[in-house]
Amino acid sequence: MIFDTHAHYDNKAFDEDRETLLNSLAENGVESIINVGASLQSVKNTLQLIRQYSFIYGSVGIHPSEAKELTDSWMDWLETAATEEKVVAIGEIGLDYYWKEPEPQLQKYWFIRQLGLARKVNLPVIIHSRDAAKDTLDILKNEKAGEIGGVVHCFSYGVEMAREYLNLGFYLGIGGVLTFQNGKKLKDVVRYMPLSRILLETDCPYLSPVPFRGKRNSSLYLPYVVEAISQIKNIPPEEVIAATNQNARKMIRNIPYNNSICAG
Ligand code: NI
């Protein structure tokens with residue numbers, strides 16, 4: 001079954017039908033989800049979701065664009081959050097130079113601090129990197145992040161950079177962009193990389209695959225991404241689903257499904 005490794009179901013885009021939608025996922029072939037925090041508020045929301053739904057795991061961390069929220073005491077709070085049951089990663093953390101704010105120095109500082117947190121609590125990282133390929137890579141190398149492990153989510157760079165991140169031992173998150181007309185660069189990456197390093201992700205409510213591009217995304221649309229990978233790799237969709245599920249479980253260190261108190 002499908003493992004969506006990057007979703008934002010706490011987003012207000014789901015306020016109207018969150019419960020109905022989440023309860024419909026299992027019967028539509030979606031087994032597990034990682035809900036990813038990006039701001040302090042969304043980390044709080046993520047903790048709520050993982051307590052409520054047995055099949056949702058959590059990732060706690062502050063997105064580079066929200067880095068100004070962080071302080072030493074909020075880092076202590078994040079560390080406590082990271083030790084909660086079913087929190088399986090630190091993220092999304094990283095660098096985003098597409099937006100001019102906050103300045104790169106500040107982004108780098110809190111990226112490195114959160115990598116340190118991941119090392120301390122022994123969790124993999126979910127990396128957000130946009131228009132910052134070289135700086136992200138340099139930091140991951142300097143911090144020996146290969147020992148920490150994790151995924152570069154919504155991978156947006158070319159084959160050369162893919163090789164670098166794969167050499168560090170990272171997984172690459174592949175989502176709706178793969179189905180876009182202008183998604184050739186990502187198709188080349190998927191063709192190049194081994195299936196054993198691909199993670200499926202939506203980044204929902206964002207980045208819906210074709211034919212839903214521009215509409216609200218959800219894990220229900222992942223079969224379109226699976227189909228695109230299956231065509232590029234020339235293997236059956238079931239094999240893509242099975243392999244990416246296994247990859248996701250390996251990344252989160254095989255924390256078992258149904259390990260929560262509310263699971264039946
Ligand atoms: Ni995201």
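Order of appearance sets the numbers: ligands from 1, and atoms from 1 within every ligand.
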Q: Please tell me if the side chains of L22 and Q52 come closer than 4.5 Å, counting only heavy atoms from C-beta onward.
A: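 A side-chain contact is absent here, since even the closest heavy-atom pair is not under 4.5 Å.
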Q: Please list all pairs passing the side chain to side chain donor-acceptor pair (under 3.5 Å) test where one or both residues lie in residues 170-183, with sequence neighbours left out.
A: none
Q: Show me the donor-acceptor pairs, under 3.5 Å and distance only, between side chains in residues 122-130 and residues at least two apart or in other chains.
A:
unit_1 : atom_1 : unit_2 : atom_2 : d
N122   : OD1    : R253   : NH1    : 3.3
H128   : ND1    : H63    : NE2    : 3.4
H128   : ND1    : E92    : OE1    : 3.2
H128   : NE2    : H63    : NE2    : 3.4
H128   : NE2    : D96    : OD2    : 2.8
S129   : OG     : T136   : OG1    : 2.8
S129   : OG     : Y157   : OH     : 2.6

Q: Keeping K185 on the side-chain end and S156 on the backbone end, is there a donor-acceptor pair under 3.5 Å?
A: yes
Q: Near the Ni ion (ligand 1), which protein N/O/S atoms are found at less than 2.8 Å?
A: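 Result, waters dropped: H6 NE2, H8 NE2, E92 OE2, D203 OD1.
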Q: Using atom types as modelled and distance alone, determine if a side-chain donor or acceptor of S230 lies under 3.5 Å from a backbone N or O of I235.
A: yes
Q: Can you sort out the partners of E164 under side chain to side chain donor-acceptor pair (under 3.5 Å), two or more places apart, ordered by chain and number?
A: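 Checked E164 against side chain to side chain donor-acceptor pair (under 3.5 Å); matches are K141.
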